Number of protein chains: 2
Amino acid sequence: MKTTKIKVPEATVSRLSVYSRYLEQALEKGIVTVSSADIAKNVGVTPAQVRKDLAYFGEFGTRGVGYKVEELLKYIKKILGINTTWNVAIIGAGNLGTALCRYKGFQKRGFHIKGVFDKDANKIGQIMCNNIKVKHIENIPQEIKKNDITLAIIAVPASAAQEVVDILVKSGIKGIINFAPQTVNVPKGVFLRQVDLAAQLEVLTFNLNEEVLK
Amino acid sequence: MKTTKIKVPEATVSRLSVYSRYLEQALEKGIVTVSSADIAKNVGVTPAQVRKDLAYFGEFGTRGVGYKVEELLKYIKKILGINTTWNVAIIGAGNLGTALCRYKGFQKRGFHIKGVFDKDANKIGQIMCNNIKVKHIENIPQEIKKNDITLAIIAVPASAAQEVVDILVKSGIKGIINFAPQTVNVPKGVFLRQVDLAAQLEVLTFNLNEEVLK
């Protein structure tokens, strides 16, 4: 069976994010063109990896000249779908939810937090960030519609994660990031990313372990 | 040039973490053997991917029978270097640092938070989690030695990230996770993971974008 659609590896997508950050910095510094070696050196991958990642999306750059920074950045942002803005809800107004709400990196990339929700009566009505008041999770459906929210970040305890996912899916959310240390299920057509904070440490211990075994 | 050492992709390492979580759940439920299809179904990858990931580390399982849950879990934990415990420092006692300190998923995987550090005089001396008092970042070198800390998590503002990395490296830290939205440099022999929270959202928008373009 042949398929004409090439599946882009998730690792490539993540690296495109990283490349675009470097390109933004280069643009700010007034750099006009960069080579794959420049990108590679600054983000810690090989030049071949940079070329391979970009090759999924067509022909870029000129041999011996490199890539035009502004053009490549614009194109990568289009690929990533961040040539536009996205409205985001945060579910869970604990320490993690608060940290995410105040995280400076979102707004800069076009992600606007438009709602924060919790069950805790003590938290409802409190201002979290950007003048957003915490609302009860009962309000999720109408708030998502009203504020045109497409993405949601889950920062609730593990035991509440699936319940929250179900509410979000019913409310029309299309992409979910789950920080709760609990596997959750979403129906087809809804994209889910499970962020496991311990797994981040495990990549480090894997590397350290390899060093010891060498 | 030939090399006998096979480079294991980072994505494989991350998936091993995910597989091991599923295996832990299976073990708790009293399940003795699982197939690659069982693992695949429960973590959202293909059975071929599971087999390929495990094949980096040797022969596992028996055709038609599957993998012994306890054995495979033990082996994956050994590969990941989490058949032992690791002591971890958190730098930055803001919302994110506090959330990380209280995150239940670390202890469960053998990561013990042994120190929290900040510059803010209002935070020094406060209890963060597990009876840990916030100490001034000046105390990092001696605290790391005293508590046998190998890993560190950075949750400080972008402008302070490199300074903190330098202190950690000098103090003998071998693995660093950086949550600050700022690229930092480490010398050879120190492992670094940059966790970009916006990049997590960008994988979602990439997927949603692809859907639209179909």
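These figures come from a predicted structure and were not determined experimentally. Order of the sequence lines fixes the chain letters, A, B, ..., with proteins taken first and strands second; residue numbering starts at 1 for each chain.
For Gln25(B), the part sitting under 4.5 Å from any heavy atom of chain A is the side chain, from C-beta outward, and nothing else. For Tyr22(B), no part sits under 4.5 Å from any heavy atom of chain A, backbone or side chain. Heavy atoms closer than 4.5 Å to chain A are found nowhere in Asn185(B), neither backbone nor side chain. For Leu192(B), the part sitting under 4.5 Å from any heavy atom of chain A is the backbone (N, CA, C, O) and nothing else. Neither the backbone nor the side chain of Lys108(B) comes within less than 4.5 Å of any heavy atom in chain A.
No side-chain N or O of Thr98(B) forms a donor-acceptor pair with one of Asn95(B) less than 3.5 Å apart.
Across Asp196(A), Thr183(A), Val13(A), Leu197(A), the residue that shares the most heavy-atom pairs under 4.5 angstrom with chain B is Leu197(A). Options Ala198(A), Gly97(A), Gly94(A) differ in how many heavy-atom pairs under 4.5 Å they form with chain B, and the most are formed by Ala198(A). Interface check for chain B: of the options Leu16(A), Thr84(A), Ile176(A), the most heavy-atom pairs under 4.5 Å are formed by Ile176(A). Per-residue heavy-atom pair counts under 4.5 Å with chain A were compared for Ile79(B), Leu96(B), Val195(B), and the maximum is reached by Ile79(B). Here Ala199(B) is the residue among Pro9(B), Gly105(B), Ala199(B) with the most heavy-atom pairs under 4.5 Å with chain A. In terms of heavy-atom pairs under 4.5 angstrom with chain B, the leader among Val18(A), Ile82(A), Val88(A), Leu80(A) is Leu80(A).
The two residues Phe179(B) and Tyr103(A) make their nearest non-hydrogen contact at O-CE1, 4.0 Å.
Under a 4.0 Å N-O distance rule, the pair Arg15(A)/Glu10(B) does not qualify as a salt bridge.
Using a 4.5 Å heavy-atom cut-off against chain B, the contacting residues of residues 150-173 of chain A are Thr150(A), Leu151(A), Ile153(A).
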